[in-house]
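We use all heavy atoms of the structure for the numbers below, so side chains are in, but hydrogens, waters and symmetry mates are not. Model, not experiment: these values are computed from the prediction. As the structure lists them, so they are numbered: ligands from 1, and atoms in each ligand from 1.
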Amino acid sequence: MTDEQNIKIKVDSICKVFGEDPESVMDLVHQGISKSDLLEQTGHVIGIRDVSLDIAGGQTFVIMGLSGSGKSTLIRHFNRLIEPTAGHILVDGVDVVGMNQRELKEFRRSKVSMVFQRFALLPHKTVLDNVSYGLFISGMNRKKAYDHAMEQISLVGLDGFENHYPTQLSGGMQQRVGLARALATDAEVLLMDEAFSALDPLIRNDMQSQLKELQARLHKTIVFITHDLDEALRIGDKIAILKDGELRQVGTGTQIMLHPADDYVERFVRDVNRSRVLTIGSIAEPVDGALEGLPADTPRIREDTMLDEGFRALATGSGTAIVVDEAARPVGVVTPKTLLEALAG
Ligand SMILES: Nc1ncnc2c1ncn2[C@@H]1O[C@H](COP(=O)(O)OP(=O)(O)OP(=O)(O)O)[C@@H](O)[C@H]1O
Ligand SMILES: [Mg+2]
């Protein structure tokens, strides 16, 4: 199934304006008034301006931007913690904005679950009770809720800690309890708002790996917010970049690294260690006829090799290498020169 056929969440022209009378300033917003001018002239704040996005099922979709760019505002529309000033959110084709209270409650109980930056664990309940709480109050019997919760606790690597209290756990472990709690609901969509941002770098790294492993098994639709491009590149199948509530670019990590849409995106891209996020395949030159003059012992290099590793491999040879896919078919060629240019951006 292509991404177009497999749209899980469709964000359709969402606008969110905060203030006394958002409707009254919508004409100005549509005319393109800047966020600062609107604030100065009317006292209203643009949270999100006319954002449309398609998020495919089974994808990890990252929303990125600086503080105040509208990331939380956008993601909170997905389970309608925020009502849009205009526009619609469709999840599996159903308009979340049009749901009545009963439908919304059911939707939040069964379809989406949210992981916050601070997990808001219940301090007087054990890990097991925190994870099973949602299941229990939604009517599952205690034995079944516990069994199910234990599976999630194990999934996030907290076996043996089920009877501990949150204060007895490290920050990273508490984050994992929050993740287990979100996973326990069996929701198809996980919304994660800066879920790892408060962690120190090593634990954060572990959590990113763990999320990737879980996702490889579970294939949920994950919307993940971060202000860190390295994190976005590491876990995102697709990345959307917001500035002042506007969408600046959507694409794969490689697309964004190689073709930043504007100066703002370029600024994020500049600080990233390109050698660890770009693959040899992404910079290979097409093969047409190029293989002909090459000697039989020309080195071959897999397209999914990262640039830093590729660089080491090439450095031992003298010139061109043939880039091959997983079936060893040539897909292009790469030279030390193209590699160096890619590394330099
Ligand atoms: N309840 C609110 N009332 C008024 N303005 C708000 C409200 N919530 C958000 N805003 C404004 O909307 C804009 C986007 O805020 P938002 O919280 O979505 O940013 P963010 O990208 O999540 O930032 P951060 O990285 O700091 O969490 C900001 O200018 C903010 O001041
Ligand atoms: Mg935020």
Side-chain angles (χ1 to χ4, degrees), residues 9 11 13-26 28-30 32-53 55 60-87 89 96-97 112-120 171 175 178-179 182 189-201 204 207-208 222-236 238-250 256 261-262 264-265 267-268 271-272:
I9 304 173
V11 177
S13 319
I14 287 288
C15 287
K16 178 66 185 181
V17 174
F18 296 101
E20 287 264 288
D21 186 7
E23 299 292 343
S24 70
V25 303
M26 285 309 282
L28 289 170
V29 172
H30 287 308
I33 189 173
S34 75
K35 183 167 167 168
S36 50
D37 285 350
L38 186 77
L39 180 61
E40 202 175 309
Q41 289 170 28
T42 73
H44 287 73
V45 176
I46 297 178
I48 290 293
R49 187 206 302 259
D50 199 19
V51 167
S52 295
L53 280 176
I55 298 178
T60 302
F61 191 98
V62 175
I63 299 172
M64 230 193 72
L66 298 178
S67 183
S69 58
K71 305 180 296 295
S72 296
T73 304
L74 182 58
I75 203 173
R76 284 160 175 259
H77 279 87
F78 293 12
N79 57 352
R80 220 171 102 193
L81 290 177
I82 291 184
E83 304 265 353
T85 311
I89 302 278
V96 177
V97 180
V112 291
S113 74
M114 192 147 185
V115 187
F116 296 92
Q117 179 167 0
R118 296 265 167 220
F119 279 126
Q175 300 272 33
L179 188 57
V189 178
L190 270 187
L191 306 176
M192 305 181 71
D193 188 353
E194 304 244 16
F196 301 160
S197 298
L199 299 174
D200 68 49
R204 187 165 175 175
M207 289 297 293
Q208 291 165 354
I222 300 180
V223 183
F224 189 98
I225 287 185
T226 180
H227 53 255
D228 175 3
L229 184 56
D230 283 302
E231 182 164 78
L233 291 165
R234 183 131 191 255
I235 64 169
K238 278 241 175 117
I239 301 170
I241 299 184
L242 287 181
K243 176 171 193 265
D244 291 345
E246 284 174 57
L247 194 59
R248 288 302 182 91
Q249 187 165 9
V250 190
I256 285 172
D262 57 24
Y264 177 73
V265 180
R267 282 222 312 276
F268 278 107
D271 294 334
V272 167

- Residues forming a salt bridge (charged side-chain N to carboxylate O under 4.0 Å, His left out) with Arg80, sequence neighbours excluded: Glu83

- Work out whether the distance between some heavy atom of Leu66 and some atom of ligand 1 is less than 4.0 Å. yes

- Using modelled atom types only, decide if a donor and an acceptor are shared between the side chain of Glu246 and the backbone of Arg49 within a distance under 3.5 Å. no

- Report yes or no: does Gly65 have a heavy atom closer than 4.0 Å to ligand 1? no

- Query: At a 4.0 Å cut-off, with the gap strictly under it, does some heavy atom of Glu194 reach an atom of ligand 1?
  - Reply: yes

- Task: Start with the C-alpha distance between Phe78 and Val223, add both sets of side-chain angles, then the distance that settles side chain to side chain contact (heavy atoms under 4.5 Å, CB included), and finish with yes or no.
- Result: CA-CA 10 Å; Phe78 293 12; Val223 183; 3.9 Å; yes

- Task: Would you please say whether a donor-acceptor pair under 3.5 Å links the side chains of Glu194 and His227?
- Result: yes

- Message: Looking at Ser69 and Leu66, would you say the former's side chain and the latter's main chain have a donor-acceptor pair under 3.5 Å?
- Response: yes

- Kindly write out the residues that satisfy ring-ring contact (aromatic ring centres under 6.0 Å, His included) with Phe61, not counting sequence neighbours, or none if the list is empty. none

- Message: If the cut-off is 4.0 Å to any non-hydrogen atom of Ser69, which atoms of ligand 1 fall inside it?
- Response: 19 (O), 21 (O)

- ligand 1 versus Thr73, non-hydrogen atoms closer than 4.0 Å: side chain, backbone, both, neither? both

- Using the test salt bridge (charged side-chain N to carboxylate O under 4.0 Å, His left out), find all partners of Asp228 that sit at least two apart in sequence or belong to another chain. Arg204

- May I ask you to decide if Val265's main-chain N or O and Asp262's side chain share a donor-acceptor pair within less than 3.5 Å? yes

- For Ile46 and ligand 1, does the shortest N/O to N/O distance drop below 3.5 Å? no

- Does a side-chain N-to-carboxylate-O contact under 4.0 Å join Asp193 and Lys71? no

- ligand 1 contacted by Lys35 (non-hydrogen, < 4.0 Å): yes

- Looking at ligand 1, does any of its N/O atoms fall within less than 3.5 Å of an N/O of Gly47? no

- Task: Could you please spell out the steps behind the side chain to side chain contact (heavy atoms under 4.5 Å, CB included) verdict for Met192 and Ile222?
- Result: CA-CA 7 Å; Met192 305 181 71; Ile222 300 180; 3.9 Å; yes

- Task: Return the set of protein N, O or S atoms whose distance to the Mg ion (ligand 2) is under 2.8 Å, each given as residue and atom.
- Result: Ser72 OG

- Under 3.5 Å between some N or O of ligand 1 and some N or O of Ser72? yes

